[in-house]
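Numbers here simply count residues along the sequence, with the first being 1.
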Amino acid sequence: MPDDTTRAQRDDRPQESRRVRLSRTFDEDAELYDRARPGYPSELYDDLVELAVAGPGSRVLEVGCGTGQATVPLAARGCRITAVEAGPSMAAVARRNLAAATAVEVVTAEFESWPLPAEPFDAVVSATAFHWIDPAVRVPKAADAVRPGGALAVVRTQHVRGGTEDFFVEVQRCYERFDPETPPGLRPPAAADIDGSEHAEEVARSGRFGPTVFRRYERDLTYTTSGYLELLRTYSGHRALPDAARNGLLGSVADLIDGRYGGRVTKRYLIELGVSYKR
């Protein structure tokens with residue numbers, strides 16, 4: 001379920017008091033993250049080209065590249081990329097995945113304190129990572145990093161209603177049993193109900209960018225029991241649980257998938273791209 005199980009509408013609003021601690025959990029098992037986390041649909045990269053964000057020869061600063069799920073496709077489209085990743089283990093896996101991409105540099109650093117180069121970038125891109133950056137820093141520093149007319153492109157991912165819907169209703173009992181912070185009766189929201197306006201408002205408040213253009217993509221991914229458990233083990237909220245609670249939760253989820261769903265469930269994702277151009 002969501003990284004932040006206290007909110008029904010979005011997966012990407014970590015409580016500020018927990019943001020830094022949760023963000024550091026991803027580096028604990030970078031190989032698992034690389035193996036289990038899905039990439040992004042090809043249509044998203046087509047739109048990045050159409051919106052003049054990331055095409056051949058574009059200088060791109062990627063914020064929070066993880067193990068390179070978005071970096072590899074961007075490099076394949078001819079972008080020259082500086083990818084900043086705070087987790088040393090994640091950055092090491094990203095360098096391995098990008099070993100053949102000569103126009104990519106992976107920097108191990110926190111974006112908030114990383115010194116920007118003198119030459120501005122054509123675009124700043126962040127894929128399922130921008131919400132982990134200090135809210136007081138992320139938009140202003142992105143504006144400092146990009147040239148006039150350049151773009152800030154933020155990709156956000158949300159679990160929404162669809163796929164094996166009955167499973168995602170039943171599995172809440174597992175969460176309510178093992179994670180005391182789970183609100184009773186929590187359900188994935190419908191894609192149409194997901195409101196992305198707070199990102200556009202945050203960008204607008206900076207006064208540094210024009211209006212945000214949004215593109216949305218929905219897709220279903222099917223997981224075996226073991227594959228779904230691997231995915232759950234990459235989520236910060238799950239990783240932050242005490243060992244006994246996490247193990248109990250994962251065992252309960254596995255029993256449900258194997259016992260009632262034939263060892264396979266389908267999860268529906270909403271991927272949202274927001275592009276804003278620097279004034």
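I271 and L51 fall within the same hydrophobic cluster, defined by Ile, Leu, Val, Met, Phe, Trp and Tyr side-chain heavy atoms under 4.5 Å apart, directly or through other members. L32 and L241 fall into different hydrophobic clusters, where Ile, Leu, Val, Met, Phe, Trp and Tyr are joined by side-chain heavy atoms under 4.5 Å apart, directly or via other members. V63 and V203 fall within the same hydrophobic cluster, defined by Ile, Leu, Val, Met, Phe, Trp and Tyr side-chain heavy atoms under 4.5 Å apart, directly or through other members. In the hydrophobic clustering of this structure, V125 groups with V275; members are Ile, Leu, Val, Met, Phe, Trp, Tyr whose side-chain heavy atoms approach within less than 4.5 Å, directly or through other members. One hydrophobic cluster, built from ILVMFWY side chains closer than 4.5 Å, holds both Y228 and L221.
Shown here are the salt bridge (charged side-chain N to carboxylate O under 4.0 Å, His left out) partners of R80, two or more places apart in sequence or in another chain: there are none. The salt bridge (charged side-chain N to carboxylate O under 4.0 Å, His left out) check on R35 picks up E230, with sequence neighbours excluded. Every residue two or more places apart in sequence or in another chain that forms a salt bridge (charged side-chain N to carboxylate O under 4.0 Å, His left out) with D46 is listed here: R77. Listed by chain and residue number, R215 satisfy the side chain to side chain donor-acceptor pair (under 3.5 Å) test with E50 (two or more places apart in sequence, or in another chain). Residues satisfying the side chain to side chain donor-acceptor pair (under 3.5 Å) test with D166, not counting sequence neighbours, are none. Residues satisfying the side chain to side chain donor-acceptor pair (under 3.5 Å) criterion with D258, sequence neighbours excluded, are T225. The side chain to side chain donor-acceptor pair (under 3.5 Å) search around S226 returns T224, not counting sequence neighbours. Looking at residues two or more places apart in sequence or on another chain, you find no salt bridge (charged side-chain N to carboxylate O under 4.0 Å, His left out) involving E43.
A donor-acceptor pair shorter than 3.5 Å cannot be found between the side chains of E176 and T182. There is no side-chain donor-acceptor pair under 3.5 Å between Y235 and T25.
A donor-acceptor distance shorter than 3.5 angstrom exists from the side chain of R138 to the backbone of I133, with no hydrogens or angles considered. S58 contributes no side-chain N or O that, together with a main-chain N or O of D122, makes up a donor-acceptor pair within less than 3.5 Å. With hydrogens and angles disregarded, no donor-acceptor distance shorter than 3.5 Å links the side chain of E110 to the backbone of E112. No side-chain donor-acceptor contact under 3.5 Å links S252 to the backbone of L249. The backbone N or O of D243 lies less than 3.5 Å from a partner atom in the side chain of N247, making a donor-acceptor pair. Not a single donor-acceptor pair under 3.5 Å links the side chain of K278 to the backbone N or O of G150.
The only member of L61, V124, T212 that meets side chain to side chain contact (heavy atoms under 4.5 Å, CB included) when paired with L152 is V124. The only member of H131, E272, H199 that meets side-chain hydrogen bond (donor to acceptor under 3.5 Å, both in side chains) when paired with R156 is E272.
The closest side-chain heavy-atom distance from C65 to V84 is not below 4.5 Å. For the pair V171 and R173, the minimum side-chain heavy-atom distance is 4.5 Å or more. Annotation: side chain of R219 is not in contact with side chain of R268 (no heavy-atom distance under 4.5 Å). A 4.5 Å side-chain heavy-atom check between R264 and Y223 finds every atom pair outside the cut-off.
In terms of heavy atoms, R59 sits closest to P120 at NH1-O, 2.5 Å. Residues L273 and Y217 approach most closely at CD2-OH, 3.6 Å, considering heavy atoms. Taking each heavy atom of F214 and G196 in turn, the nearest pair found is CZ-O, 3.6 Å. Minimum heavy-atom separation, P188 to H159: CG-CE1, 3.7 Å. Across all non-hydrogen atoms, the minimal contact from I194 to R216 is O-NH2, 2.5 Å. Contact detail for R19 and P135: the closest heavy-atom pair is NE-CD, 3.8 Å.
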* Hey, mind stepping through W132 and R24 against side-chain contact (heavy atoms from CB on, under 4.5 Å) and telling me if it holds? -> CA-CA 10 Å; W132 296 117; R24 291 172 177 164; over 6 Å; no
* **Intermediate values then yes/no, side-chain contact (heavy atoms from CB on, under 4.5 Å), R187 and F168** => CA-CA 7 Å; R187 300 289 183 267; F168 290 105; over 6 Å; no
* Asked: Hey, mind stepping through D144 and R208 against salt bridge (charged side-chain N to carboxylate O under 4.0 Å, His left out) and telling me if it holds?
  -> CA-CA 9 Å; D144 291 342; R208 308 282 300 278; 2.9 Å; yes
* To do: Just do the side-chain contact (heavy atoms from CB on, under 4.5 Å) check on F130 and V155 with the steps written out, would you?
  => CA-CA 8 Å; F130 208 58; V155 180; over 6 Å; no
* From CA spacing to verdict: side-chain contact (heavy atoms from CB on, under 4.5 Å), L74, T71 -> CA-CA 5 Å; L74 288 172; T71 327; 5.7 Å; no
Review item, side-chain donor-acceptor pairs of residues 97-108, under 3.5 Å, at least two apart:
residue : atom : partner : partner atom : Å
N97     : ND2  : D34     : OD1          : 3.0
N97     : ND2  : T67     : O            : 2.9
T108    : OG1  : R95     : NH2          : 2.7

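Residues near V93 contribute nothing to a hydrophobic cluster around it, because no ILVMFWY side-chain heavy atom sits closer than 4.5 Å to its side chain.
Each ring-ring contact (aromatic ring centres under 6.0 Å, His included) pair with one or both residues in residues 240-279, not counting sequence neighbours, appears once here: F167-Y261. Legend: ring-ring contact (aromatic ring centres under 6.0 Å, His included) pairs involving residues 84-128, not counting sequence neighbours: none detected.
Taking OG1 of T128 as the start and CD of Q69 as the end, the distance is 8.5 Å to the nearest 0.5 Å. One distance of note links OG1 of T266 with CD of E165; it measures 11.0 Å at 0.5 Å rounding. Atoms OG1 and CZ, on T164 and R260 in that order, are 12.5 Å from each other to the nearest 0.5 Å. Distance OG/S206 to CD/E201: 12.5 Å, rounded to 0.5 Å. Rounding to the nearest 0.5 Å places CD1 of I81 at 6.5 Å from CD of E62.
Remark: E28 engages R239 in a salt bridge, criterion side-chain N to carboxylate O under 4.0 Å. Ion pair D220/K267 not flagged as a salt bridge, since none of the NZ, NE, NH1 or NH2 atoms sits closer than 4.0 Å to an Asp/Glu carboxylate oxygen. R205 and E198 are not joined by a salt bridge, as no carboxylate oxygen comes within less than 4.0 angstrom of a charged side-chain nitrogen. The pair R147-E119 fails the salt-bridge criterion, with no side-chain N (NZ, NE, NH1 or NH2) lying under 4.0 Å from an Asp/Glu carboxylate O.
H238 and F178 have their aromatic ring centers separated by at least 6.0 angstrom.
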